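What follows is one structure encoded as structure tokens, with my remarks underneath.
Counting from 1, the numbers follow the sequence of the chain as shown. Side-chain atoms are counted along with the backbone in the values below, which use heavy atoms only and exclude waters and symmetry mates. What you are looking at is a predicted structure, and each value in this text was computed from that prediction instead of being measured.
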Amino acid sequence: MHAMTIEPGDTATAPVASNREPDAPRARLLGPLELHAGGADRAPTTPKLLQLLAMLLIRPGKTVHVDSLIHELWSDAPPRSARRTLHTYVHHLRRHLDPDGDAGLLVTSPPGFRLDVDPAMVDVSEFQRLHRLGRDLLDEGDNAAAAHAFRTALDLWSGPPLANIHCGPTLAAYTVYLLEHRRNARDLWIEAEIRSGRHREMLGVLRSLTTANPFDETLHGQLIRALGLSGRRSDALAAYHWLRTRLEDELGVEPCAELRELHRELLSEGHPIR
């Protein structure tokens, strides 16, 4: 069985289109799957067709091997009729995507099938472009512009990725990758905001995030830094002690080296590292 691997950047390697046609198909994966073409959302509601469409959309414009599709749809227990059933699904999906029979979005491309959608028209591509832009701006020291890029990238999300899909092994792995990418963008956004001097404005956000993610040491470190930079050293020390107690009691570990260093700086009345 041919298992498809998802490489970071698969949907973002192509440059963002500069001359996008207004009626060109557009797809959303950062939330419930949507595919807009011809002025309508063409995403089917039938679970297997939706799952098949998702497999084609995570590699837009590229051929997806038949074996990869079978593995996703039936995991390690495909029926003997899997190939014939897959071709039936493709037939129905093609008719759903192109009811007039003239768009040709879903193409047979041996040894599999291809969805002729510009990668730049998939929201994952735009998210990754903005993520790269934010990192470049952060490296250049343009913290306010970096924060704006990361915030714009995060605003593309409308919920968990592929939220309306029953995911098999490939799509499940892809959603994990996307969620980790989102977490990284979130952490860099907060970092850029703190570096740009908006540490006080971020306290509410960080309090909420650390409550929802009690063992995320990156978020707790950012909260402690923001409190220290805001002149709230006692609150920063209390936040550190709360995390240390939680980690020791529930996981049997101590805070990471970076957090211990922040704690030492607070105790010596130094300023947390920017």
Side-chain angles (χ1 to χ4, degrees), residues 7-9 12 30 127-157 159-161 173 175-274:
E7 296 295 337
L30 304 178
F127 171 76
Q128 293 179 325
R129 183 189 71 82
L130 288 164
H131 184 274
R132 290 194 301 271
L133 174 63
R135 290 183 67 93
D136 290 344
L137 291 167
L138 200 60
D139 290 342
E140 294 167 5
D142 196 344
N143 300 316
H148 177 72
F150 288 126
R151 179 69 266 172
T152 304
L154 292 167
D155 284 344
L156 293 172
W157 289 68
T175 60
V176 170
Y177 160 68
L178 290 177
L179 288 169
E180 284 297 322
H181 211 37
R182 182 183 187 276
R183 176 180 173 179
N184 181 255
R186 179 204 66 192
D187 291 347
L188 290 174
W189 165 60
I190 296 170
E191 178 68 24
E193 294 283 17
I194 292 174
R195 289 189 191 182
S196 66
R198 288 175 47 82
H199 40 273
R200 288 182 178 86
E201 291 84 347
M202 296 305 294
L203 288 175
V205 172
L206 284 165
R207 288 287 194 191
S208 176
L209 287 171
T210 52
T211 299
N213 303 274
F215 299 113
D216 191 318
E217 293 181 82
T218 297
L219 288 174
H220 282 278
Q222 290 173 324
L223 173 61
I224 292 166
R225 286 174 58 213
L227 287 167
L229 290 166
S230 300
R232 296 170 57 177
R233 191 165 70 97
S234 61
D235 288 340
L237 286 168
Y240 176 83
H241 286 299
W242 182 91
L243 175 63
R244 184 182 66 185
T245 300
R246 191 81 181 264
L247 289 172
E248 290 176 347
D249 289 350
E250 299 192 29
L251 300 181
V253 299
E254 62 178 7
C256 65
E258 183 178 346
L259 282 173
R260 297 199 302 272
E261 177 61 26
L262 278 174
H263 183 232
R264 283 191 291 270
E265 291 179 353
L266 288 166
L267 289 174
S268 64
E269 298 187 356
H271 295 289
I273 300 171
R274 285 183 176 270

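- The two residues Pro214 and Leu243 have their closest heavy-atom pair at O-CD1, 3.6 Å.
- For Glu193 against Ser196, the heavy-atom pair with the smallest separation is O-OG, 2.8 Å.
- For Ala146, the side-chain contact (heavy atoms from CB on, under 4.5 Å) partners are Leu137, Leu138, Phe150, Ala192, not counting sequence neighbours.
- Residues in residues 242-268 take part in these ring-ring contact (aromatic ring centres under 6.0 Å, His included) pairs, two or more places apart or across chains: His220-Trp242, Tyr240-His263, His241-His263.
- Glu265 and Arg225 are not joined by a salt bridge, as no carboxylate oxygen comes within less than 4.0 angstrom of a charged side-chain nitrogen.
- Sorted by first and then second residue, the side-chain hydrogen bond (donor to acceptor under 3.5 Å, both in side chains) pairs involving residues 145-155 (not counting sequence neighbours) are Arg151-Asp155.
- At a threshold of 4.5 Å between non-hydrogen side-chain atoms, the residues Arg260 and Glu254 count as touching.
- In this structure, the side chain to side chain donor-acceptor pair (under 3.5 Å) partners of Asp235, at least two apart in sequence or on a different chain, are Arg232.
- Looking only at side-chain heavy atoms (C-beta outward), Ile194 and Asn143 stay at 4.5 Å or farther from each other.
- Taking CZ of Arg182 as the reference point, atom CG of Asn184 lies at 12.0 Å (rounded to 0.5 Å).
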Derivation and outcome, side chain to side chain contact (heavy atoms under 4.5 Å, CB included), residues Trp157 and Leu178: CA-CA 11 Å; Trp157 289 68; Leu178 290 177; 3.9 Å; yes
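- From His199, atom NE2 reaches atom CG of Leu223 across 13.0 Å, with rounding to the nearest 0.5 Å.
- Judged as a salt bridge (Lys or Arg N to Asp or Glu O under 4.0 Å), and not counting sequence neighbours, Glu248 has no contacts.
- Looking at residues two or more places apart in sequence or on another chain, you find no side chain to side chain donor-acceptor pair (under 3.5 Å) involving Arg135.
- A distance of 10.5 Å separates CG in Leu262 from CG in Leu237, rounded to the nearest 0.5 Å.
- The aromatic rings of Phe127 and His131 sit tilted relative to each other, their planes meeting at an angle between 30° and 60°.
- Residues passing the side chain to side chain donor-acceptor pair (under 3.5 Å) test with Arg200, sequence neighbours excluded: none.
- The distance from the CZ atom of Arg244 to the CG atom of Asp249 is 10.5 Å, given to the nearest 0.5 Å.
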Enumerate donor-acceptor pairs with a distance under 3.5 Å from any side-chain N or O in residues 202-210 to protein atoms, sequence neighbours excluded.
| unit_1 | atom_1 | unit_2 | atom_2 | d |
| --- | --- | --- | --- | --- |
| Thr210 | OG1 | Leu206 | O | 2.8 |
| Thr210 | OG1 | Arg207 | O | 3.1 |

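- Legend: residues meeting side chain to side chain donor-acceptor pair (under 3.5 Å) with Glu250, ordered by chain and number and at least two apart, are Arg246.
- Taking all atoms of both residues into account, the shortest heavy-atom contact from Gly228 to Leu266 is CA-CD2, 4.4 Å.
- Within the structure, every pair that satisfies the salt bridge (charged side-chain N to carboxylate O under 4.0 Å, His left out) test and touches residues 208-222, not counting sequence neighbours, is listed here: Arg183-Asp216, Arg186-Asp216.
- With contacts defined as side-chain heavy-atom distances shorter than 4.5 Å, the pair Pro160/Thr175 does not qualify.
- Closest non-hydrogen pair, Gly221 versus Leu259, comes out as CA-CD2, 3.3 Å.
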